[in-house]
Amino acid sequence: MKGLLVLIALFVAVIGKNTFKGHQVLRITANNEAQITLLKELSEQAHLRLDFWMEPIRESLPIDVRVPFNSLQTVKDFLAQNHIEYRVMIEDVQNLLDEEERQMLKSRPTPRTTDDFVFSSYHDLNTIYAFMDTLVAENSNLVSKIVIGQSYEGRPLNVLRFSTGANHPGMWIDTGIHSREWVTQASGIWFAKKIVTDYGRKPSLTNILNNYDIYLEIVTNPDGYQYTQTINRMWRKTRKPNPGSDCVGVDPNRNWDAGFGGTGSSNNPCSETYHGPSAESEPEVKAIVDFVKSHGNLKAFVSIHSYSQMLLYPYGYTHTPAKDQAELHVLARKAITKLQSLYETQYKYGSIVTTIYQASGGTIDWTYDQGIKYSYTFELRDTGRFGFLLPANQIVPTAKETWLALMAIMKHTKNNPY
Amino acid sequence: MFCWVSLVLISLFQPSPALPVSQEPPVSCRGWLSGPADHLNTIQQSESESSAVDMSTGDLEPSHYPARRAAQVVLHHLNTRHGSPFRVFGLKEVHRARAEDVASEGRKYDLDFSVTDWASGGSVLRCSAQVLFSRSEQHNLPEVQCQCEGLQQLNTSSDEKDFYHKHNTPDHHVSAQDIPDSYGNMSQEIKPFWHLAHVAASFIMLQESNENTEYNMAQVASVTQQESKHNQLMLKYHVLLHDLPSQEIIHWKLLASWSPDGGVRVLETERQPKCPHNADLPNSTVPTTTFTAN
């Protein structure tokens, strides 16, 4: 029985979704060579999609086979016709998997300290939230958690605040606004740990934090993230239903009040770039807007996406160059040079509208027009080979190189107060 | 041998002029009656038409999207001609680009760029190409001429021959899903099938490309090997394409063949409708078993 559970555990690890409903596992006992031959022939019927856990070899060995629901009748008829004995070992494979998964979840070890956290893996929402709380507990002098609002489905919108004193101006970083861009949330976790590790040890980060607060929202779209974990890995938008439509969700990076509804966003709820019924209609966006306005003293704002390997500055909604374009361009070049110095990852940089595409209602267009001069958006690795499905072993290298660019931006912000 | 395709002799590449589309009745979304599914299919098309195309003429900024989109089209073309289970080209960098309007025909791009072989540890080739995006009423295949240094040195590798012999057998047919998986993982055994999917998808991406699109293959939803025909491996694929400007994920089913001598050919294609519920694939049957080696 234990061997069976191990096999099942493998299935759970590989196939987390509901794909074995109604499947049965039969244990077949062949009485003679002729029956073995018949069973081998049965195994060759590709259309039955039989999955032999123990192949027909000789009559002294049991033969275990997983039979999909649609093939059950055929297989059982075949066995009956040929007088081959069998019994049903597993009535419903999916039920067993579900139960196994429930048990595994209960006994899954959560990292006790952020030093034990595995940064080179993708994690589920609960694990990320637990990480945040642990980080705060371990560094309560430096880090606190602010809940800036609630997602549509009622999840907390958590922001980590790194601060060494009151009334400091701030810099903002967000990751995961588009839920399928998994390397961004994963990098955000790494940034959080990096900040607490380097404070007091690395002069430039220490210098920045002594004068500025850093705000980090790691899972900016938690409803979307949960959906990518459980149902659809390619989900991008929020999960708010659209009245009168079967299609769900709004593109949170088209929902800001900057050129809202213009070219480069869609008015079709079924579209991936649907801007929503009105600017700031999404609670995930409104929460940040409210935070920025009430803080009133943010000096840099970086919103992180993937993929394409780009560092972009405003505008996206118009071809009119930003007033500070020259400075933003030079700083982007500096930041990219730093990034490339680590692993030679090639980045392009420029304004959104010229470099990637025209997009209206975007985050950094709004923050820039609010007066946050150093407003940038990243598109992290890669350039399309893996796209959104970036292998986990690239998380840490991506986070490390991106951090160099972020530091360049934060340093420049600090050295050029306005 | 140069990989260019003459504007006159478009029929040289397989298949021509357009990919065969399934004659079966249109696939519908599970649990959803006809109608809206068609509407959903036109999202990407209408959006790409409504967004303004950068009409700059003359020298183009190589890192900006007009040059990059044109270069990406050449990549699709290159892969249809030279791609294999062990060779898939990706765009490395555009060095120089120019564009000009060609009266009553369309817009022609002149490109100087580098490509890298994703499948073989990143060897880099320098290329130059011309791409013509047609302006005519009916959708026309972008026309590509390209020359790459070192392309003529490429020949069938022993990896390809081994792979072919290993799988050109009626005994075990490969069947797998979600390549790569959500975490970017895939087995070493399945990797060549992933590369093949990309090559096959390149036929579709080439066909679907215009100045408002920028395609990559996002994932292989499934691969099911069929009985070999005429000594070609036969593979049924369900692929997810990602278009950057619209950010849409478009599902296509296709049937492709490959052999070391025959290269990749696409025999059937069927675009899948975008389903509102987005979760499940339309008409999906009970999934196949996971891939087993040897």
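Hydrogens, waters and symmetry mates play no part in the numbers below; they use all other heavy atoms, side chains included. By convention in this document, chain letters (A, B, ...) are assigned in the order of the sequence lines, proteins followed by strands, and residues within each chain are numbered from 1.
In this structure B:His195 satisfies the ring-ring contact (aromatic ring centres under 6.0 Å, His included) test with no other residue, sequence neighbours excluded. Take B:Asp112 and apply the salt bridge (Lys or Arg N to Asp or Glu O under 4.0 Å) test, not counting sequence neighbours, and it matches B:Arg96, B:Arg126. Shown here are the side chain to side chain contact (heavy atoms under 4.5 Å, CB included) partners of B:Gln226, two or more places apart in sequence or in another chain: B:Thr224, B:Met234, B:Lys236, B:Leu255.
Most heavy-atom pairs under 4.5 Å with chain B: of the set A:Thr355, A:Asn393, A:Leu390, A:Ile395, this distinction falls to A:Thr355. Each of B:Arg68, B:Glu214, B:Met186, B:Glu61 has some count of heavy-atom pairs under 4.5 Å with chain A, and the biggest count is that of B:Arg68.
Scanning residues 377-385 of chain A against chain B with a 4.5 Å non-hydrogen threshold yields A:Thr383, A:Gly384, A:Arg385, sorted by number.
With A:Gln340 contributing its side chain and A:Tyr347 its backbone, the two residues share a donor-acceptor pair below 3.5 Å. Judged purely by atom type and a 3.5 angstrom limit, B:Asp181 uses its side chain to pair as donor or acceptor with the backbone of B:Tyr183.
At most 12 heavy atoms of other shown residues, nucleotides or ligands fall within 6.0 angstrom of atom CD in A:Glu344.
The aromatic rings of A:Tyr307 and A:Phe388 stand perpendicular to each other, their planes meeting at an angle above 60°, with 30° marking the opposite boundary.
Contact annotation for A:Phe386: both backbone and side-chain heavy atoms come within less than 4.5 Å of a heavy atom of chain B. When heavy atoms are compared at a cutoff of 4.5 Å, A:Ser351 does not approach chain B at all. For A:Ile356, the parts lying near chain B are the backbone and the side chain together; criterion is any non-hydrogen pair under 4.5 Å.
Stacking of A:Arg233 on the aromatic ring of A:Trp182 is recorded, both the 6.0 Å distance cut-off and the 45° axial limit being met.
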